[in-house]
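Just so it is clear, the model here is predicted, and its values are computed rather than measured.
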Amino acid sequence: MEYKFFLMLFFVALFVKEGMAAQHVVGGSQGWDESADFSSWTSSKKFKVGDQLAFKYTSGLHSVVELASESAYKNCDLGSPLDSLSTGNDVVKLSKEGTRYFACGTLGHCDQGMKVKITTETGTAPSTPDSSSSSHASASMASYSIRPFGSFVLVALATTLIYNMF
């Protein structure tokens, strides 16, 4: 009987941890595009350790470059990036607290404002994911992490299934 308890505890921990994370579509309904107002977009968000940033854009038209410093961010210095992504559906996990800087690697786009500064906080409070009702947001709804109520339902279901298995 003890193994049931530990197995259920494992599932509870797994679902609760995943339930608190959020995936943020950078730029909201506009995505990673020159027309997005990234300063306004970030001002309404709280980013927590474990959250993810989803950069959605047309591959070949844009890219995502992670910059090493605020100076590189302010000056759009793309010369020594920490990382460079170009799939059009790039996901970056926010694995620790601190500030990270991202810009478009296409010539001139960063200078036109296609850059974003993300400050990640530690903590257990739920993040504030995008809540846009556009078709873009609904198309990516499957990529959102499970919210706390959904975690409760999944934990209850998993507990029932595990209990009935043994």
* To do: Output yes when a side-chain donor or acceptor of Asn75 lies under 3.5 Å from a complementary backbone atom of Ser71, and no otherwise.
  => yes
* To do: State yes or no: do Ile118 and Met114 share one hydrophobic cluster built from I, L, V, M, F, W and Y residues joined by side-chain heavy-atom distances below 4.5 Å, directly or via other members?
  => yes
* May I ask you to decide if the ring planes of Trp41 and His24 are parallel, tilted or perpendicular, using 30° and 60° as cut-offs? => perpendicular
* Asked: Is the shortest heavy-atom distance from the side chain of Leu94 to the side chain of Val49 under 4.5 Å?
  -> no
* Asked: Any idea how Trp32 and Phe38 line up, ring-wise: parallel (<30°), tilted (30 to 60°), or perpendicular (>60°)?
  -> tilted
* **Atom pair CG/NZ of Leu67 and Lys117 - distance to nearest 0.5 Å** => 12.5 Å
* Only counting residues at least two apart or in another chain, list the ones meeting salt bridge (charged side-chain N to carboxylate O under 4.0 Å, His left out) with Glu34. => none
* Would you check if there is a donor-acceptor pair between the side chains of Thr87 and Asn89 at a distance under 3.5 Å? => no
* Asked: Same cluster for Leu85 and Leu78 if Ile/Leu/Val/Met/Phe/Trp/Tyr side chains link at under 4.5 Å?
  -> no
Only pairs under 3.5 Å count here: list side-chain donor-acceptor contacts from residues 59-66, not counting sequence neighbours, and write none if there are none.
from: Ser59; atom 1: OG; to: Ser86; atom 2: O; distance (Å): 2.9
from: His62; atom 1: ND1; to: His109; atom 2: ND1; distance (Å): 3.1
from: Ser63; atom 1: OG; to: Gly105; atom 2: N; distance (Å): 3.1
from: Glu66; atom 1: OE1; to: Arg100; atom 2: NH2; distance (Å): 3.0
from: Glu66; atom 1: OE2; to: Arg100; atom 2: NE; distance (Å): 2.7
from: Glu66; atom 1: OE2; to: Arg100; atom 2: NH2; distance (Å): 3.4

* To do: Check whether any side-chain N or O of Asp37 sits under 3.5 Å from a backbone N or O of Ser40 as a donor-acceptor pair, and report yes or no.
  => yes
* Check whether any side-chain N or O of Tyr101 sits under 3.5 Å from a backbone N or O of Tyr73 as a donor-acceptor pair, and report yes or no. => no
* Just by distance, do the side chain of Asp51 and the backbone of Ala22 share a donor-acceptor pair under 3.5 Å? -> yes
* Can any side-chain N or O of Lys48 pair as donor or acceptor with the backbone N or O of Thr120 at less than 3.5 Å? -> no
* To do: Apply disulfide (SG to SG under 2.5 Å) to the pair Cys76 and Cys110, showing each step before the final yes or no.
  => CA-CA 6 Å; Cys76 289; Cys110 179; 2.1 Å; yes
